[in-house]
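Computation of the quantities below employed the complete heavy-atom set of this structure, encompassing side-chain atoms and omitting hydrogens, waters and symmetry-equivalent molecules.
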Amino acid sequence: MTTTGVSRRSFLKMSGAVGGALCLGFVLSEGGRRAEAAEAKNAIPSPNAFVRIEKDGGVTIVSNKSEMGQGIYTSLAMLIAEELECDWNRIKVVSAPAAPIYVHTAFHIQITGGSTSTLSSYDQYRKIGAAARDMLILAAAQRWRVPVSQCRAENSRVFNNANGASLGYGELTEAAGKLPVPDAVELKPRHRWKLLGTRVHRVDGDEKLDGRAQFAMDVRLPGMLTALVKRCPSYGGKPKGFNADAARAVPGVKDVFAISNGIAVLADGFWPAKKARDLLEVEWDRGANAERDSARQRADYRARAAKPGQVYRSEGDAKAALAGAAKKLEAWYEVPYLSHSPMEPLNCVVWLKPGGCEIWSGTQSQTIDAGMAAAMSGLKPEQVTLHTTLLGGGFGRRAVPVGSDWLKEAMEVAKHHGQGVPVRLMWTRDDDLAGAYYRPMWLDRVRGGIAADGKPAAWLQTGVGQSIIAGTPFAPMMIKNGIDAVSVEGTDDMPYALPAVSLDLHTPEIPLPVLWWRSVGHSHSAFAKESYIDELARLARQDPVAYRLALMDKAPREQAVLREAARMAGWGRKLPKGHGLGAAVHTSFGSHIAQVVEVLVKGKELKVVHVWCAVDCGVVVNPDQVAAQMEGGIMFGLSAALFGEITFKDGEVEQKNFDGYPIVRMFQAPKVDVSIVASEEAPGGTGEPAVPVVAPALANAIQAASGQRRRELPLSRHGYQMV
């Protein structure tokens with residue numbers, strides 16, 4: 001879930017489940033089962049499904065991951081191009097159709113999430129490129145009637161080493177495509193890489209700059225109608241009755257009718273549909289959230305946290321250790337519901353035809369969405385064609401595990417209107433903020449203390465928050481003994497040496513859907529963990545960076561990035577009055593991140609001056625994209641830490657648009673420096689790991705600058721004005 005989604009560790013747990021996609025309730029074709037069996041044996045997928053070489057030598061690479069700004073089109077192309085030995089300047093990338101051969105190597109469904117795109121494709125796409133290269137070389141050798149060992153591939157040509165003769169890939173593609181896929185290939189060693197590890201211009205950059213890029217919002221089809229839905233002000237409510245006389249009178253309106261969760265207006269464009277929707281008079285059954293109130297919910301969470309929950313980690317006698325601590329500290333950390341708010345609001349196009357259905361959608365979960373569309377339309381899976389467009393942001397919101405709610409609405413509208421007319425379903429920004437599927441509201445109560453030498457003596461933590469996985473097809477694989485793995489990620493595997501630990505959890509059932517939000521459980525666990533360890537360091541009167549380093553002897557990669565971030569920031573230097581530095585380090589999605597934040601605090605004026613970020617994400621495909629994801633994640637996390645919250649009053653969301661749900665503006669943005677720590681380890685994710693680190697680093701910096709400890713987000717609740 002930019003990426004967006006479930007953490008790599010949690011998703012890899014899922015991948016071991018017997019049956020793969022079948023366990024998730026999705027029926028794949030026989031070809032899909034063969035694809036899974038091939039993957040299980042580590043076989044090489046047919047290059048013909050992933051690489052197309054035109055007769056003029058141009059190369060088209062098919063991406064089985066959705067491009068939502070994270071740069072995966074470029075990374076996947078680089079992986080293939082490095083092994084294929086093709087001309088990078090003649091490459092283009094297209095999105096894969098929804099089909100079994102394109103399933104995720106670990107999840108066994110076609111999905112983009114969990115910051116796993118590069119990890120899951122790293123070997124797969126390199127092998128595909130190498131297989132295509134070997135097939136082209138074999139085709140050339142057969143034409144020349146020479147041994148394969150006498151030939152080499154370079155810059156989209158195959159050369160005969162004996163006489164210097166060469167053939168372009170375009171001349172060989174037809175013959176090569178008929179050859180069997182090799183059972184094994186030899187991948188290039190790192191010292192021979194020409195492309196991987198270099199800063200490469202994004203393949204989708206130019207078209208996004210000049211407006212050629214196609215998002216679902218840009219799709220235009222002959223006769224297409226536009227639909228908007230009026231939904232109940234309290235989530236989950238249903239219409240009891242409505243008066244559409246005024247709405248029907250708006251020029252361009254074609255129909256007004258009820259669907260499962262509201263009243264749909266169908267018109268020949270957005271504005272007539274919007275105007276008509278505003279004129280609808282609806283009587284609502286406001287449902288289970290009719291009286292939802294954030295203040296009452298916070299009070300309920302605090303009452304729950306005062307009592308022990310279900311234990312998921314216990315080491316030593318934490319209660320006894322706490323009783324014997326030289327100094328004790330209790331802290332409560334609170335974070336609110338958060339919206340994903342991708343810049344492109346949710347939308348899609350559905351075209352029902354006799355015997356088929358065609359969909360254009362910026363989705364992160366092709367298998368799930370195509371399967372839902374087939375079930376709703378009564379069609380066979382192979383009769384549904386899903387075109388994945390570019391996504392104007394996702395952050396997990398476009399990976400709904402039970403099927404995209406906006407696609408479900410579009411299917412209902414299309415079925416009601418009848419076959420033959422394409423229907424575009426659109427949400428507004430207001431719809432998006434009020435449309436539920438939020439990052440869960442969360443509370444952590446942490447009790448602990450230090451020994452006489454200042455080291456932690458005990459750590460007792462009680463978390464309260466909704467499960468993201470409960471009620472989804474993933475629940476049997478990811479909820480064990482009542483504990484959602486996503487709820488506790490980042491807490492159950494803290495890198496610090498703690499002699500006595502007791503961690504427990506309350507999981508209230510609330511009729512408000514929650515979803516993976518960029519960095520998922522880490523978004524709240526890192527804030528509590530890195531704030532509290534900082535507080536223990538200050539309680540011990542020790543330097544917060546040195547304190548952390550001393551407790552991470554068994555976490556050398558975390559130590560390395562923390563040292564690097566501290567070096568970058570000049571940790572320990574004398575600062576001007578009102579300035580403060582705060583540090584945090586956290587591991588998520590296979591990557592290790594440390595950040596140092598510098599702030600300036602003058603009364604209630606707050607300026608985030610600078611953020612230094614060190615990242616160890618294993619082997620790097622494109623350093624430029626890694627840096628961009630760090631920078632984007634920092635701004636995303638800062639927006640949430642400073643301003644982000646979804647609150648409820650009388651059942652309704654109080655934030656209506658970006659005026660009530662701000663993001664960091666350009667004049668408020670700090671300078672950001674990123675250092676990539678060299679590593680030979682397997683690739684980790686980069687779309688999400690920078691997000692959870694910035695909030696605790698920011699809170700720690702405010703403590704250093706002003707002496708004020710802020711344990712409740714967003715910081716705007718404390719009256720700060722960003723300057």
Side-chain angles (χ1 to χ4, degrees), residues 20-21 28-65 76-87 90-94 96-106 108 110 120-162 165-189 192 382:
L28 298 181
S29 66
E30 185 61 35
R33 286 190 284 273
R34 286 198 299 270
E36 287 186 26
E39 287 298 330
K41 295 178 182 178
N42 204 29
I44 301 168
S46 171
N48 294 323
F50 292 85
V51 183
R52 298 198 295 266
I53 301 175
E54 309 300 334
K55 291 191 175 181
D56 66 358
V59 177
T60 298
I61 292 172
V62 181
S63 171
N64 67 346
K65 303 297 191 300
L76 295 184
M78 291 174 70
L79 292 169
I80 284 183
E82 181 67 68
E83 299 293 341
L84 182 57
E85 297 283 5
C86 62
D87 182 354
R90 301 205 61 196
I91 280 179
K92 70 175 181 178
V93 182
V94 298
I101 197 168
Y102 298 113
V103 299
H104 194 291
T105 57
H108 304 292
Q110 195 172 340
S120 66
S121 302
Y122 183 69
D123 285 334
Q124 180 193 40
Y125 268 64
R126 290 178 68 201
K127 288 178 179 179
I128 289 167
R133 175 199 66 212
D134 289 355
M135 292 162 72
L136 288 161
I137 291 175
L138 178 57
Q142 289 179 344
R143 182 176 298 187
W144 288 325
R145 298 183 181 181
V146 300
V148 168
S149 59
Q150 191 173 308
C151 306
R152 77 178 194 280
E154 185 178 342
N155 201 32
S156 291
R157 300 190 70 83
V158 177
F159 291 86
N160 185 329
N161 294 327
S166 69
L167 291 167
Y169 282 2
E171 301 172 82
L172 297 167
T173 182
E174 186 174 349
K178 297 175 181 177
L179 294 173
V181 179
D183 293 329
V185 292
E186 182 179 344
L187 299 177
K188 293 168 65 174
R192 287 182 50 210
E382 57 268 26

Are there over 12 heavy-atom neighbours, none belonging to Lys188, within less than 6.0 Å of that residue's NZ?
yes
Taking side chain to side chain contact (heavy atoms under 4.5 Å, CB included) as the definition, give me every residue that meets it alongside [X], ordered by chain and number, with sequence neighbours left out.
X: Pro182; value: Ala131, Met135, Val185
X: Gln142; value: Leu138, Leu179
X: Pro147; value: Ser149, Gln150

Pick out which of Val181, Asp123, Asp134 makes a side-chain contact (heavy atoms from CB on, under 4.5 Å) with Ile44.
Val181
Sequence neighbours excluded and cut-off under 3.5 Å, please list the side-chain donor-acceptor pairs for residues 165-176, or say none.
{"residue": "Ser166", "atom": "OG", "partner": "Arg157", "partner atom": "NE", "Å": "3.0"}
{"residue": "Ser166", "atom": "OG", "partner": "Arg157", "partner atom": "NH2", "Å": "3.1"}
{"residue": "Tyr169", "atom": "OH", "partner": "Leu84", "partner atom": "O", "Å": "2.6"}
{"residue": "Tyr169", "atom": "OH", "partner": "Glu85", "partner atom": "O", "Å": "3.3"}
{"residue": "Glu171", "atom": "OE2", "partner": "Gly168", "partner atom": "N", "Å": "2.7"}
{"residue": "Thr173", "atom": "OG1", "partner": "Ile53", "partner atom": "O", "Å": "3.1"}

With sequence neighbours excluded, what pairs up with Tyr102 under the ring pair (Phe, Tyr, Trp, His ring centres under 6.0 Å) test?
Phe50
Residue pairs fulfilling salt bridge (Lys or Arg N to Asp or Glu O under 4.0 Å) with at least one residue in residues 136-146, sequence neighbours excluded:
none
Judged by atom type as modelled, is there a donor-acceptor pair below 3.5 Å linking the side chain of Ser156 to the main-chain atoms of Asp87?
yes
Salt bridge (charged side-chain N to carboxylate O under 4.0 Å, His left out) filter on Glu83, not counting sequence neighbours, yields Arg126, Arg133
Considering non-hydrogen atoms only, spot the tightest contact between [X] and [Y] and give its length.
X: Ser120; Y: Thr105; result: O-OG1, 3.1 Å
X: Tyr125; Y: Val62; result: OH-O, 2.8 Å
X: Gln110; Y: Ala99; result: OE1-N, 3.0 Å

Arg152: which residues meet the side-chain hydrogen bond (donor to acceptor under 3.5 Å, both in side chains) condition with it, sequence neighbours left out?
Glu154, Asn161
Which residues share a side-chain hydrogen bond (donor to acceptor under 3.5 Å, both in side chains) with Ser121, sequence neighbours left out
Lys65
Quick one: [atom1] on [X] to [atom2] on [Y], what's the gap to the nearest 0.5 Å?
X: Lys178; Y: Asn48; atom1: NZ; atom2: CG; result: 11.5 Å
X: Lys92; Y: Arg52; atom1: NZ; atom2: CZ; result: 7.0 Å
X: Ile61; Y: Leu76; atom1: CD1; atom2: CG; result: 8.5 Å

